[in-house]
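Indexing begins at 1, ligand by ligand and atom by atom, following the structure's order.
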Amino acid sequence: MLVGARDPAARSRNRYTLLTLATVLLSPMSSASTQQPPQLGEDPIADVVAAMTVEEKVRLLVGMGFSMDMPFLPPIDPEDAKIPEKVPGAAGRTHAIARLGIPSLTLADGPAGVRIAPVRDDEPGRAYHATAFPVASLTASSWDTELLGTVGRAFGQEVREYGVDILLAPGMNIHRNPLGGRNFEYYSEDPLLSGRLAAAFVAGVEAEGVGTAPKHFAANNQEFNRLQLNTIVSERALREIYLRGFEIVVRDAQPWTVMSSYNLINGTYAPESRELLTTVLRDEWGFRGFVMTDWFGGRDALAMIRAGNDVLMPGYLQQSTDLLEAVRSGALSEGHLDESVTRVLEIVMQSPTFQKHAYANEPDLASHAAIARRAAAESMVLLQNDARALPLASRGTVALFGNAGYELIVGGTGSGEVNEAYVVSLDAGLEDAGFGIDASLRDEYRAYMADQKAQQPEPPMPFFPRPPISERPVTAERIAQLVRATDVAVVTIGRQSGEMTDRELDDFTLSATEHALIDDVSAAFHAAGKQVVVVLNVAGVIEVASWRQQVDAILLAWQPGQEGGHAIADVLRGAVNPSGRLPMTFPLRYADVPSADNFPGEVIPGQEAPAGPSLFGVPSRVTYDEGIYVGYRYYCTFGVEPAYPFGYGLSYTRFDLGEPELSATEFADELRVTVQVSNIGPTPGRDVVQLYLSAPGIALDKPARELRAFAKTRLLRPGQSESVGLTLTARDLASFDTGRAAWVVEPGTYTVQIGASADDIRHRATFVVPQELVIERVHNVLTPEVPIDELTSPDR
Ligand code: BGC
């Protein structure tokens, strides 16, 4: 909806605001000449807040700086458009209030790298590229908190040296369904893995003196009608699955900010929910930073400030008008503004801009490229490796099939996109690694891609993904020629995805051309005794069960960032031994997904879109009736066989996981579990120890097992061992009891399960909790308005 565009009352309110803002801009000069007002950093924050006019407070809380021209967006303050951009292409800014020494904060996306404009009008010939790191689904596949910390530091340095204060990342929503359009920006289907990896990333970024914004808080796991989608979810599923990762990142890493999400949760917009942003986030978890909206998120500015959503991004005129009027009429107390302003100022004082950091626009892109390459290679997941097809035995000539072989998809689209300086394609990466590439085949693909790109329609809107280029068909005759000319076939399968739309089922399955390519290449190369390797260059989970038996090896490279071609080649030739493990389940078929029947939800019949920015879409709802049975919690509990289970991944070596040693057989405050990991294969490598727990289900229904701890070994040489220690706290044993609004550990026998995946448990050991423990009493909040017919385990 166009706020104020056709509404005369709104237009007159906007004029009123303009006058008010003009007064604010002019008035400081006269008072400054008589008396110096308090200055941020020199005087206590409370004095600065006390000296602020209501207009200045509102100005600080309503952001600015959205530079994309989209006609349906609500009008912004025209004065804002005159304020020069500090970092062109950044997603937004807060206002400066110069008379009080308050500078403007610059906020830039995103989860795969710093998204800023690569060129500036006033500086022809100078580039501002940022590193395109691997997407979050790939770094999450590392299961390596240390790696996430290293990647975080590289991000942080880039953020700071480009003059940005806050990075709009990490994305932490849950992979509830493989078709979620932004899954690539998020880590996992499991909240513990998401939370721990995010906490390590946040700590890394913030160690560089800049802020982060874990997003999108909360239950924003799809794109369908995203500004109008009511997520209907039980308190238990919310607490255990959808909030838990955010809770971990807040408690462990205390990020500078949190970004609230677009959707409603049980009938209330997330940014308007005081229960979410104050009761849970601040009172229960102890969050001390500020909350910002997602861009144009929320509808009612008053409700957002009252809820504790401090900053409205990217800010529009109507919000300022509404807040000023509300304070004047008494509908909103100035105390609410003061709380938010104080929180913002506390963060402003930590910012590099406030600290007057002299950034040179010269981040260390060369060393960050090396980090991006290492992170990508170390995180890739080897899904299949029959007869040790990989690593490739010799540097022969590769017949490289598939569009993505020549046009690597390095990241997703939308706010998670990065303007990188270059991309190492797979053909280039293989050549740099000493392989030959069949040049005639390359020429054919290049010509095809150039031709298709020329015909590709523009996306319907900026931020939207372009329609994909269909896979190029290759005839059986042509494949037969290539078998003779080359030593091995590498077939890429590419998938793009991005903000604003979810994936369709035909993006999950392979197209007829892709199937034919795999069939024909496999038949021809195998007939000649030559191997076929598939590289999945995908944004999300795809169907593998119908074709995997035809090929020798499958490497899941996700969207590997700008150094992707090198990183894939590193793994294919064995310079890096893959140690990634799946952070989500690959189902045998889409129908097996627990949310298959209730994704992406439905349009609510007969409801009009309410006034306010809609960014298209109509009121819709989705009911999470699978409850806590998301991902492996479902497959393991209901005995549904996946194609590849959560936690799965092969290596070029073999590991032996020893029997777990428990520090006690009876649980007191915490329990230490030690596992000896030995490399019993031929190659140096790293393993991941996964500790699942199965808990007695007395009053509460419990999944068959849940990941409660994990750790990655260092690089172990053949014959070498490492003793890996994992700690279980009472909180790791607890489930959420909605009736009591408490985290409860039920008494009884708990089984520690040490596995190579959620489906491959190698050892079990038990301990006892002698009596019930109530770990933490919280509040009943975000309660569904309607009953949910939730899934329960089969033995209930
Ligand atoms: C996205 C956010 C992003 C913001 C600013 C929104 O469309 O949902 O993730 O940070 O834009 O670009």
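By the 30° and 60° cut-offs, the orientation of the rings of H368 relative to F133 is tilted.
Under the 4.0 angstrom criterion for non-hydrogen atoms, F296 is not in contact with ligand 1. At least one heavy atom of M259 lies less than 4.0 angstrom from ligand 1.
The side-chain heavy atoms of F224 and V603, taken from C-beta on, include a pair separated by under 4.5 Å. Looking only at side-chain heavy atoms (C-beta outward), L312 and L61 stay at 4.5 Å or farther from each other.
Every atom of ligand 1 with a heavy atom of Y262 under 4.0 Å away is listed here by number and element: 6 (C), 7 (O), 8 (O). Near R115, with a cut-off below 4.0 Å to any heavy atom, the atoms of ligand 1 are 12 (O). Contact atoms of ligand 1 toward A91: 5 (C), 12 (O) (distance under 4.0 Å to a heavy atom of the residue). Near S415, meaning under 4.0 Å from any of its heavy atoms, are these atoms of ligand 1: 1 (C), 2 (C), 3 (C), 9 (O), 12 (O).
Counting heavy atoms closer than 4.0 Å to ligand 1, residue R182 contributes side-chain atoms (C-beta onward) but none from N, CA, C or O. Residue-level proximity to ligand 1 for R226 is carried by the side chain, the only part with a heavy atom below 4.0 angstrom.
Residue K215 has at least one N or O atom closer than 3.5 Å to an N or O atom of ligand 1.
From the protein, the heavy atom lying nearest to atom 7 (O) of ligand 1 is E499 OE2, 2.3 Å. Nearest to atom 9 (O) of ligand 1 among the protein's heavy atoms is H216 NE2, 2.7 Å.
With hydrogens and angles disregarded, a donor-acceptor distance shorter than 3.5 Å links the side chain of S261 to the backbone of A218.
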Carefully, step by step, assess E284 and R239 under the rule salt bridge (charged side-chain N to carboxylate O under 4.0 Å, His left out). CA-CA 12 Å; E284 295 178 5; R239 292 276 188 177; 2.6 Å; yes

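Judged by distance alone, the side chains of T293 and N309 never bring a donor and an acceptor atom under 3.5 Å apart.
In this structure, of L168, D109, D294, the residue bringing a heavy atom nearest to atom 10 (O) of ligand 1 is D109.
One finds no salt bridge joining R93 and E85 here, because no Lys/Arg side-chain nitrogen approaches an Asp/Glu carboxylate oxygen to under 4.0 Å. A salt bridge links R226 with E499: the distance from a Lys NZ or Arg NE/NH1/NH2 to an Asp or Glu carboxylate oxygen falls below 4.0 Å.
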